[in-house]
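Okay, structure first, notes after.
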Amino acid sequence: MTVKVMLAGCGNMGYAMLSGWLKSGKLRPGETFVIEPNAELRARAKALGSEVGSDAGEIPTGAVVPTLIVLAVKPQVIRDVTAGYQRFGDGRTTFLSIAAGTAMATFEEILGERAPIIRCMPNTPASIGKGMMVTFANERVSDETLAFVADLLSASGEVASINDERLMDAVTAVSGSGPAYIFHFIECLTAAAESAGLPAETAKLLAMQTVYGAASLAAESGENPGVLRQQVTSPNGTTAAALAVLMGEDRLKQLVTEAVEAAKLRSIELGR
Ligand SMILES: NC(=O)C1=CN([C@@H]2O[C@H](COP(=O)(O)OP(=O)(O)OC[C@H]3O[C@@H](n4cnc5c(N)ncnc54)[C@H](O)[C@@H]3O)[C@@H](O)[C@H]2O)C=CC1
Ligand SMILES: O=C(O)[C@@H]1CCC=N1
């Protein structure tokens, strides 16, 4: 077995990424090994064709030197989990952490100075190939490995990189947590549609398709969202009436700014 990628933690985000890699053919099933203590989640990874084990002790010994170990566990346990992989810190394996907050320096301290390490902030639309993945690599990561990782991540959606780690907290607050803000907006628009008299099913359909259509139009047209907004807004019409509520005193902008700031602060806290 030639394991290219080991995945520690196959919960929401780990599974989303694994399924993208396998379904796109970027990795063949025999090239992945998943370490996940939860039996149900292990079975789900096995169903995709991956080899599985319940802890780092079950990794086959011998010639297995993975190209990449992906750490996809909660920030609260990531230090302990990473310590279980110290033996791969000889420079041949690259580590990729998706944990919110946990700093590069923490991984370097645990894994030693030879380990190439990448921090990556993905989001759950990765499960359907429409994610946003942002990476920050330490100087140990070779160009060849960076290219391999960028290609792998591209199976899950758009890939961007930053070269100032401090920006990772803002990235986490915008694209990492961001899908939840949009899902909540869909919930709010659905509830408002019901309040306005629409049947529940219709309310849900209209809210979801409107968000989907608007996001697709913004992405595909390449037009400034402000221009697209104006194209909907007839002078003295219905949209203008609604936007007066949302945009008056910058209400929505203020709220979104506060929400992003709260997420950013929490990301900083998680890193302490
Ligand atoms: N859910 C999301 O939208 C995003 C999550 N993240 C980050 O991804 C990481 C995972 O988050 P989720 O997938 O949401 O959490 P999750 O709880 O769904 O998945 C974590 C998994 O790790 C497993 N686990 C616990 N101890 C382990 C060990 N010793 N070895 C291997 N696996 C172990 C758990 O059984 C669980 O299935 C977090 O660090 C989070 O900050 C990053 C971006 C987006
Ligand atoms: O809520 C969290 O902490 C994780 C990180 C970004 C999205 N989910």
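Whatever order the structure lists ligands and atoms in, that order sets their numbers, starting from 1.
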Near ligand 1, at a heavy-atom separation below 4.0 Å: residues by chain and residue number:
A8, G9, G11, N12, M13, I35, E36, P37, L41, A72, V73, K74, P75, V81, I98, A99, A100, M121, P122, T124

With a cut-off of 4.0 Å, which atoms of ligand 2 are near a heavy atom of A100?
5 (C)

Run the numbers for me: atoms of ligand 2, each under 4.0 Å from some heavy atom of G176, listed by number.
6 (C), 7 (C)

More than 12 heavy atoms of other residues, nucleotides or ligands under 6.0 Å from CZ of R166: is that the case?
no

Verify the neighbour count for atom CD of E165: are there more than 12 heavy atoms of other residues, nucleotides or ligands below 6.0 Å?
yes

Path from L71 to M168 over hydrophobic side-chain contacts below 4.5 Å:
yes

Are Y15 and L27 in one and the same hydrophobic cluster, where Ile, Leu, Val, Met, Phe, Trp and Tyr link if side-chain heavy atoms are under 4.5 Å apart?
yes

Pairs under 3.5 angstrom only: tabulate donor-acceptor contacts from the side chains of residues 234-259 to other protein residues two or more places apart or in another chain.
residue	atom	partner	partner atom	Å
T239	OG1	V232	O	3.2
R251	NH1	V245	O	2.5
T257	OG1	K253	O	2.6

Kindly give the heavy-atom pair with the smallest separation between P179 and T124, and that separation in Å.
CB-OG1, 4.2 Å

protein heavy-atom neighbour closest to atom 2 (C) of ligand 2 works out as S177 OG, 4.8 Å

Identify every side-chain donor-acceptor pair in residues 265-272 under 3.5 Å, counting partners at least two apart or on other chains, and give the distances.
residue	atom	partner	partner atom	Å
R266	NH1	E269	OE1	2.8
S267	OG	D169	OD1	2.5

Using atom types as modelled, flag every donor-acceptor pair under 3.5 Å from a side chain in residues 97-114 to any protein atom, sequence neighbours excluded.
residue	atom	partner	partner atom	Å
S97	OG	A99	N	3.1
E108	OE2	N138	ND2	3.1

Would you say atom 6 (C) of ligand 2 touches the protein, meaning some protein heavy atom is under 4.0 Å from it?
yes

